[in-house]
Structure formats: structure tokens, C-alpha cells
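Below is one structure, written out as C-alpha cells; the observations come after it.
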Amino acid sequence: MENDVVIEEKKVLDKILAKKALIFIFLGITARIIMLFYYYCIHILDPQRGWGDVQLNYTKNWGLYPMLTQGFIFAFMFLSFGRIEIFAFWAFFWDLLTCLIFYFVLKSFNIKNKDYAFSLFLINPFFFLNNSFSLENCGYHITDAFFFFFFFMALIYYPRKELYARYLFYIFLGLSMCIKFYPIPAIGFLFIKFLYEKDWKELKIFLITIIPLLLLLLIFPLFFLTYHYQILIEWNDRGSYVPIYIRVLPFICIFILFLLFRLKNSDVFEIIIISIVALGTYLFFSWFFLRWFQSIIFYGILKEREFFKFKLNLGFLQREINVNNHLLTFYLSFIGVFLSFLIIIFWF
């Protein structure tokens, strides 16, 4: 009788584990919805509490973004009808939307067990902490969500070989650069790589898509919109307490080392991720945020690799555990969470 009970419990547990991807997806989406209602509740109880980055974007910080980013902010300010609570909903909407779009990135990259990989992404603690979670005010960073939208759209078309897909990849990548500066160092890397490999077709597509977008949305506005200078000045002044050579040195080291030892064997996706990380080292000394390095999560998820397997035997639970890039990325993300809390405790 006792053995029958044990066997039945194992069957139930096996059924639960078989559905773990759907369970994690449900938890990831539910956690984000709960955070939205949490923000509304705490501001109803304490109307004086700030809305964090959402409030800055809604009121006075819009002038410190590139022209395309400002256009999106203006559009959703208009759709908020003068209520910051509605603007907070739009921030939640874009946060959730970008998360859901990542599923199509996994599908495009032909990731094995994409449902499981997507579920681990949704509950990734480091990504959740930096884009949705906050106990103080409101955790959304709507401008980062705009960036992720275009960046993920670019990644959807990246693995495809059709000519139209190559154009769309670079168009969306260029638009992501015009939203946030994060991938801009990739321009230098990609130009050098295509020249070295004499890949004239890819170089042509790259030049006639990204370069006009940058000229139109980033460079030309410098000549007739004075506040664009304020963007660059603000980014520089925030780190003025750190000597410029300290801020620039990590970026230069990454750029040179990657150029010398890795660029030849790297693919375009790796180049983009390294570029974002390189610029993140500079930004880190202006704003001490680890969210500049979130792109490592995408690299860890999309570069499939199996490291090792082992058998787990706990009596009631017997399973073979496959430690791959998805699982390792998820657990290593807790290090990012730990370091983020250390920065919050000792700096802010």
C-alpha cells in the first residue's frame, strides 16, 4: 500500500516536471502583472511616493533622449491623457511585449526546447530586477523597453538568409541604435569584419541601411536641435567624478582585445553583444547600474551549448539533469542580482 502511494506521488511529480515550462511561463507573466497592481496599490496608499524612471520620462527627462526615443515618449504621453498612472500602464505593456517577442527570437534561432528556454528567460531574476521589479517606486524603464523591442525584432531576422531578412535585420538594429546608443560600437567592428572578409554584399546592405538611419535620426539633429548636445553632455557629466581615462580604458581594452583575438572568428550576433558590453563599461562609471550588461543574458540563452549531465536521485525524485546554456545563464543571473543589491546598499 505504501509503495503504491509512493509510486502515485512520483507520477504526480513527473507530470508537474513535464509541464515546468508552462508553469514558469505562467509565473513569469503573472509576476509582472502582480508588480503592476503592486505599483498602483502603493501609490494609492501613498500618493507622494515617486514613480521612479516612469515619472522622469513623463515629466522632465524626455529631453535627454535621442529624437526617435522622444517621439515614442511623446506618443505614449499623449495616449496617457494627462495621467501618469496610464503612462505606467504603457511602460508595463512595453515591458511585457518585449518579453513575449523574445519567444519569436528563440523560434527564429531554432533553439531546442524553446518553451523551456523562454520560461527561464521570463523568470530570469536579473532581467526581472532591472526591468520590472522595485519596492521603492516603479521598476519600469520604458525607454529600455523601446530599445529591446527593436533589438529583438532585429534578432528575429538575424538567422534568416533571405535578402529581405538581411535588410530588415540591419534596419531594426539601426533603429535600436537610434533609441539607445548601446550597440553603436558594433558599427566599427562590423565595418572592419566585412572589409577583412571581403564580404561586399553584406557590407553594402549594412551601409545602405544603418548609416542613413543614424545620419537622419542621430547625426543631423545635432545641427538643428540644440538639446541633442545636452544628451551627450549629460552622459558625460554624470561620470565627471571619475577620471575620463578610467571610464574610457575598459572600453578601449575590450575593443582592442576583441579586434585582435576574436573578431576574425566571431559572428555578427557576438559582435553586437560585445559592443553593448563594451559601451556598458563606460556607462557604468557614469551610472552605477548593472543593467548595462543585460545583453549577456541574451548571449547566454541564444548561444546553445550543453556542458554536462548528471543523474539526480533523491528517492522520490529521479531525473537526469542537463546543464546547458539556458540553465547556467539562469543560475548565474543570481550573481547579477547579488551584485546589484550590493551597489544599492553601498552606493545609493
Any side-chain donor paired with an acceptor under 3.5 Å for [X] and [Y]?
{"X": "D144", "Y": "Y182", "value": "yes"}
{"X": "E202", "Y": "Y170", "value": "yes"}
{"X": "K20", "Y": "S119", "value": "no"}
{"X": "Q294", "Y": "N131", "value": "yes"}

Does [X] have more than 12 heavy atoms from other residues, nucleotides or ligands lying within 6.0 Å of its [atom1]?
{"X": "E136", "atom1": "CD", "value": "no"}
{"X": "D115", "atom1": "CG", "value": "yes"}
{"X": "Y164", "atom1": "OH", "value": "yes"}
{"X": "F104", "atom1": "CZ", "value": "no"}

Min side-chain heavy-atom separation [X]-[Y] under 4.5 Å:
{"X": "V268", "Y": "F169", "answer": "yes"}
{"X": "L332", "Y": "I296", "answer": "no"}
{"X": "F172", "Y": "F151", "answer": "no"}

Hey, is the main chain of [Y] close enough, under 3.5 Å, to the side chain of [X] for a donor-acceptor pair?
{"X": "N137", "Y": "G50", "result": "no"}
{"X": "N57", "Y": "D53", "result": "yes"}
{"X": "R247", "Y": "T281", "result": "no"}
{"X": "S266", "Y": "L263", "result": "yes"}
{"X": "H43", "Y": "E85", "result": "no"}
{"X": "W94", "Y": "F149", "result": "no"}
{"X": "D199", "Y": "F194", "result": "no"}
{"X": "K180", "Y": "F148", "result": "no"}
{"X": "Y39", "Y": "F89", "result": "no"}

Open item on the list: Using the rule given for ring pair (Phe, Tyr, Trp, His ring centres under 6.0 Å), can you reason through F334 versus F126, listing the C-alpha separation, both sets of side-chain angles and the distance that settles it, and then say yes or no?
Closed with: CA-CA 7 Å; F334 284 97; F126 187 56; over 10 Å; no
Please verify the inter-ring angle class for [X] with [Y]; under 30° counts as parallel, over 60° as perpendicular, anything in between as tilted.
{"X": "F128", "Y": "F133", "result": "tilted"}
{"X": "F109", "Y": "F269", "result": "perpendicular"}
{"X": "F146", "Y": "F72", "result": "tilted"}
{"X": "F285", "Y": "F288", "result": "perpendicular"}

For a quick test of your reading: what N or O donor-acceptor pairs under 3.5 Å do the side chains of residues 212-225 make, sequence neighbours left out?
none

TODO: Give the C-alpha distance, both sets of side-chain angles, the deciding distance and a yes or no for side chain to side chain contact (heavy atoms under 4.5 Å, CB included) between F289 and I343.
DONE: CA-CA 8 Å; F289 299 137; I343 292 174; 6.0 Å; no
If the threshold is 4.0 Å, N to carboxylate O, is there a salt bridge linking [X] and [Y]?
{"X": "K112", "Y": "E304", "result": "no"}
{"X": "R262", "Y": "E270", "result": "yes"}
{"X": "E162", "Y": "R166", "result": "no"}

Open item on the list: Please confirm whether the ring centroid of F93 lies under 6.0 Å from the ring centroid of W90.
Closed with: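 Under 6.0 Å, so yes.
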For [X] versus [Y], what's the shortest heavy-atom pair and its separation?
{"X": "K201", "Y": "L163", "result": "CE-CD1, 4.0 Å"}
{"X": "I73", "Y": "Y65", "result": "CD1-CD1, 3.6 Å"}
{"X": "I179", "Y": "T143", "result": "CG2-O, 3.8 Å"}

TODO: Determine, for Y157 and R160, whether the Lys NZ or Arg CZ falls below 6.0 Å from the six-membered ring centre while staying within 45 degrees of the axis.
DONE: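 Satisfied, under 6.0 Å and within 45°.
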